[in-house]
K.L.:
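Got a structure here, written out as structure tokens. Questions coming.
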Amino acid sequence: MTTHKEIEMLTRREALMGTVFAAAAVAVIPSLPAMASAKDVAGLPREKITLVAPPFVHPHDQVAKGGPKVVEFTMKIEEKPMIIDADGTQLNAMTYNGSIPGPLMVVHEGDYLELTLINPETNTLAHNIDFHASTGALGGGGLTMVNPGEQTTLRFKATRAGTFVYHCAPGGPMIPWHVVSGMSGAVMVLPRDGLKNDKGEPIHYDRIYYVGENDFYIPRDEQGNFKKYESAGDGYEDVVKVMRGLIPTHVVFNGAAGSLTGDKAMKAKVGETVLIVHSQANRDTRPHLIGGHGDFVWEQGKFANPPAKDLETWFIRGGSAGAALYTFLQPGIYAYVNHNLIEAVELGATAHFTVDGEWDDDLMTQVDAPRAIVGL
Ligand SMILES: [Cu+2]
């Protein structure tokens, strides 16, 4: 049996005494060759970005202006209760920057992404960040472990273009627990000359949305009602039991069922091209835009590969982020779902796009409205 206090002590001890992860980091970086390249980086221009909460994305150029630069981001880790459905079910969330998912960070291939990660004293656990976009030291996880009251800065070179997950990975059983408590997000590394279609021709987007999908495992009491805990640590043992069953109680977009529907629907206009970045740090999913398509889809999210065309549903494997580009052709409310429809409708994985514009009768028309059967 592990109590909250023991978990806290365990994670603090792991971080302070440098067990698994510090050892791994040392193994990964036997010397400090990075010091040589740090000199080159010192001469590069710097840009400071203020991150915004998903589904929105900070302003960025689609085609890079000038040469490589150092792009600076700051994220504060927040442990806090969050409501994840209309019934008021509480998740003892762990978040990057207060949102689930954490914000999307956009840079260009060849840029350096420099993140300052802050773990305020008000938190109880040690956290770090593993960037799938980076190379070495457990994706930076081995160099970024911060206890409450600490901060750290990591810089990595974005050498591969694409959409990539980042997530907390503080070692052992802490890893899946932190991830299913909300600690994931995504990075988009754009090619310097922007996105290209299957023929290698440049394409651009008018709007971008970032949809992070999460699976949550909320314990139930004897009556079958979702339980509430004072803190993440208090719920730890019960949550792990549910996690081990591999059946989520919630599968949601943007941290809660209904967080991107109705008034909070994502918006677009007929004729606009929208890029949808979709991540899932822990579990497979299959986005589908009901009534629309993926004109160009990077299922695996890596822009060096030509996009697939005209997809109806695309597959995002757990631990990755993909990107889909679509030009809306009809107005209306579109549901954007995980096309496991049980997960979409019963567990929460549904978002909406509200699209304004003129209806195209050529693409679709109601020839005869539903009425009583005529004749036989
Ligand atoms: Cu964490």
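Order of appearance sets the numbers: ligands from 1, and atoms from 1 within every ligand.
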K.L.:
Please state whether the rings of Tyr336 and Trp314 are parallel, tilted or perpendicular, taking 30° and 60° as the class boundaries.
P.N.:
tilted
K.L.:
Assess the pair Phe328 and Phe353: is the distance between their ring centroids shorter than 6.0 Å?
P.N.:
yes
K.L.:
Answer yes or no: is there a donor N or O on one side and an acceptor on the other, between the side chain of Thr350 and the main chain of Ala344, under 3.5 Å?
P.N.:
yes
K.L.:
Charged N to carboxylate O under 4.0 angstrom, Lys157 versus Asp111?
P.N.:
no
K.L.:
Using ring centroids (six-membered ring only for Trp), state whether Tyr217 and His250 fall under 6.0 Å.
P.N.:
no
K.L.:
Counting only protein atoms, how many N/O/S atoms are less than 2.8 Å away from the Cu ion (ligand 1)?
P.N.:
4
K.L.:
In this structure, is the centre-to-centre distance between the rings of Phe131 and Phe164 below 6.0 Å?
P.N.:
no
